[in-house]
Protein chains: 2
Amino acid sequence: MSTPPISRRARPSKAPLSRDVIVRAGLDILDRDGLEALTMRSVAKALDTGPASLYVYVANRDDLLAAMLDESLARVPLSSEGTWRERLHALAAATVDAMGRHEGLAVVALGAIPTGTNALLVVDRMLALLKEGGLDDITAAWAVDLLYLHIAAAGVEQSTYNTQDATEGSTVAMAEARYANLPEDRYPMVTSMRRALFAPGDRDTWGLRVLINGILGTPAEGAPDPSAGDGPGASA
Amino acid sequence: MSTPPISRRARPSKAPLSRDVIVRAGLDILDRDGLEALTMRSVAKALDTGPASLYVYVANRDDLLAAMLDESLARVPLSSEGTWRERLHALAAATVDAMGRHEGLAVVALGAIPTGTNALLVVDRMLALLKEGGLDDITAAWAVDLLYLHIAAAGVEQSTYNTQDATEGSTVAMAEARYANLPEDRYPMVTSMRRALFAPGDRDTWGLRVLINGILGTPAEGAPDPSAGDGPGASA
DNA sequence: CGTTTGACACGAACGCTGTTCGTTTCCTAG
DNA sequence: CTAGGAAACGAACAGCGTTCGTGTCAAACG
């Protein structure tokens, strides 16, 4: 046991230990070994210290996860080219990607109102784009709520698929098999449409288009919904 | 500690211990004491047994949670009145409600393809309604994917709000305060639209209307739909 | 009727977790 | 050179999910 007393002077000045260092070490572990392996102890060990030392910079494990989420969101490119629609779509897709790249982080975003500095930058940019699209304040506010919810959910889904459970056959293959053996009388649509349900295709892109189209065609508050496919005439 | 040997004959025939009983005991604990309190040990104690006994009927804690989710979905009313749109809306809202009523259960639905018997009934009904609305197979399949994702996410959000954290002031009030003290130059939209962002209103209903409107106006891939015609022809 | 069987129930334990407490160490200010 | 205060740490606590081997009991069998 006894650590031979490597006087601190001997080591390469050690890692200074700060909130940022801890967050980055956490992201490293998360990406390399998954969410289960991300424990206060593993993070501490990666920084060559004990778990107690982390609590100076991090309130608890949830706080660490939240900080890791916001750090990931720092890598979302905030600007791109094209119409406001295309830029909004690109921003949303990039955010989904940033959240979905690290297992378990998107879940953190789901329950909470965004308050991290980088999350707020994304929200701010989204609001600007929605206003550029001519939406009124209330509709834009609700839209950003809805979009953020979808982004987080899509991030969860993506990270689930990225983290393939190698123990058994792929999740989707198992589900497909289950759908195939369902009683037709009880689940007529699911069984008959089985092929369409598992058909490949870019559902993420389509989902974002659905949301943006829907937002444009569904003003909040006053007007009833234009069910008769009226154009996206968002009258401010 | 020695349990006085209450010969099994003396007890009121004890609880027979089955998967259903375990699931229901789990839901009781979840609703009464929250997700943290839902441990294999607490469930076992509620059934007057030890944790090891549960593993005959339940593979592990995740399996138990999944079973609890599906049990909750059994209470979703599968039919209502009105147009197919109104029925779809009602079904989706009811599913959100069922998931959001129990803390932490909606998260289980997020990552996974629905395979529970009751979840599949909901999906089947949704598909039927979407087909009734005239959608082609692919669009209906993608729509049910998107709707289910939204439903689970909205359920998570709802359950988060229901489970008020009594330790500190309400989460939304804290967020509102944070938004008020944000630097205006860095977050111009968030600060200026702060009032709209926290304005009350039925965002859930609006969100579902957005989704349904968007689905109707956004055919998937190469499907000939009546009101198509908006920009991206898309390949992918 | 006595015996065997096999599924169910359970006590105890393993290895691990997040978090806290009290102490030690080190750098800086006087 | 000393005093002080913040940072780092060692050890421990209570609890977790899960497994193993043993007990127990009702039904099946000879």
Side-chain angles (χ1 to χ4, degrees), chain A residues 1-23 25-26 29-30 33-68 103-104 107-108 165 167-168, chain B residues 1-23 25-26 29-30 33-68 103-104 107-108 165 167-168:
Chain A
M1 304 311 181
S2 64
T3 319
I6 320 169
S7 100
R8 190 143 308 189
R9 200 175 308 273
R11 300 190 234 174
S13 78
K14 178 138 183 179
L17 202 53
S18 68
R19 187 165 231 259
D20 272 0
V21 171
I22 293 173
V23 167
I29 294 177
L30 184 63
D33 305 323
L35 183 63
E36 272 194 22
L38 183 81
T39 69
M40 300 303 275
R41 282 175 160 83
S42 68
V43 173
K45 180 165 283 182
L47 296 171
D48 189 28
T49 181
S53 305
L54 305 180
Y55 285 84
V56 179
Y57 304 95
V58 156
N60 49 45
R61 189 176 186 259
D62 284 348
D63 183 38
L64 172 59
L65 283 173
M68 286 166 61
E103 179 193 355
V107 185
V108 177
D165 200 352
T167 56
E168 309 215 17
Chain B
M1 296 347 162
S2 62
T3 319
I6 319 170
S7 101
R8 188 144 312 188
R9 197 178 312 273
R11 299 190 238 175
S13 79
K14 179 140 183 178
L17 204 53
S18 70
R19 187 167 232 258
D20 272 359
V21 171
I22 293 173
V23 168
I29 294 177
L30 184 63
D33 306 324
L35 183 64
E36 272 194 22
L38 182 83
T39 69
M40 300 304 274
R41 284 174 158 84
S42 68
V43 173
K45 180 165 286 183
L47 296 171
D48 189 28
T49 182
S53 305
L54 305 180
Y55 285 83
V56 180
Y57 304 97
V58 156
N60 48 46
R61 190 175 184 259
D62 284 349
D63 184 37
L64 172 58
L65 283 173
M68 287 167 60
E103 180 194 355
V107 185
V108 177
D165 199 352
T167 56
E168 309 217 18

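Below, each value reflects all heavy atoms present in this structure, side chains not excepted, and no hydrogens, waters or symmetry copies.
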message: Is the shortest side-chain heavy-atom distance between B:Leu54 and B:Leu47 below 4.5 Å?
response: yes

- prompt: Which dot-bracket string describes DNA chain C (Watson-Crick N1-N3 plus N6-O4 or O6-N4, or G-U N1-O2 and O6-N3, all under 3.5 Å; [ ] crossing; | other strand)?
  reply: ||||||||||||||||||||||||||||||

query: What is the distance from CE of A:Met40 to P of C:dG18, rounded to the nearest Å?
result: 7 Å

statement: Here the pair of heavy atoms bringing A:Gly26 nearest to A:Val43 is CA-CG2, 4.2 Å

message: So does A:Ile22 get a backbone contact from the side chain of A:Tyr57, meaning a donor-acceptor N/O pair under 3.5 Å?
response: no

Separation of atom CD1 in B:Ile22 from atom P in D:dG17, rounded to whole Å: 14 Å

Heavy-atom pair with the smallest gap, counting every atom of B:Gly104 and B:Leu35: CA-CD2, 4.1 Å

- request: Of all the heavy-atom pairs spanning B:Val108 and B:Ala66, show the shortest one and how long it is.
  value: CG1-CA, 4.0 Å

Pick out the pairs of N or O atoms, protein on one side and nucleotides 12-15 of chain C on the other, that lie under 3.5 Å.
residue: C:dA13; atom: N6; partner: B:Arg41; partner atom: NH2; Å: 3.3

- request: With rounding to the nearest 0.5 Å, note down the distance linking CD in B:Glu36 to CD1 in B:Ile29.
  value: 14.0 Å

task: Rounded to the nearest 0.5 Å, what's the gap from CG on A:Leu38 to CD on A:Glu103? Could you check?
output: 9.5 Å

task: Check whether any side-chain heavy atom of B:Leu64 lies under 4.5 Å from a side-chain heavy atom of B:Met40, and answer yes or no.
output: yes

- request: List in numerical order all residues of residues 53-68 of chain A for which some heavy atom is under 4.0 Å away from an atom belonging to DNA chain C.
  value: A:Tyr55, A:Asn60, A:Arg61

message: For the CG atom of B:Leu65 and the CG atom of B:Leu30, what is their distance to the nearest 0.5 Å?
response: 8.0 Å

message: Show, in sequence, the C-alpha distance, side-chain angles and deciding distance for A:Asp63 and A:Arg19, and conclude whether the side-chain contact (heavy atoms from CB on, under 4.5 Å) test is met.
response: CA-CA 11 Å; A:Asp63 183 38; A:Arg19 187 165 231 259; 2.6 Å; yes

task: Starting at atom NZ of A:Lys45, determine the distance to atom P of D:dA8, rounded to an integer number of angstrom.
output: 19 Å

message: Can you tell me if B:Thr49 touches the phosphate of C:dA9, counting only side-chain N or O atoms and a distance under 4.0 Å to OP1 or OP2?
response: no

statement: Rounded to whole Å, CG of B:Leu17 lies from P of D:dT24 at a distance of 18 Å

query: Rounded to whole angstroms, how far apart are CZ on B:Arg19 and P on C:dC8?
result: 14 Å

query: Quick one: does B:Thr49's side chain have a donor or acceptor within less than 3.5 Å of a partner on B:Ala44's backbone?
result: no

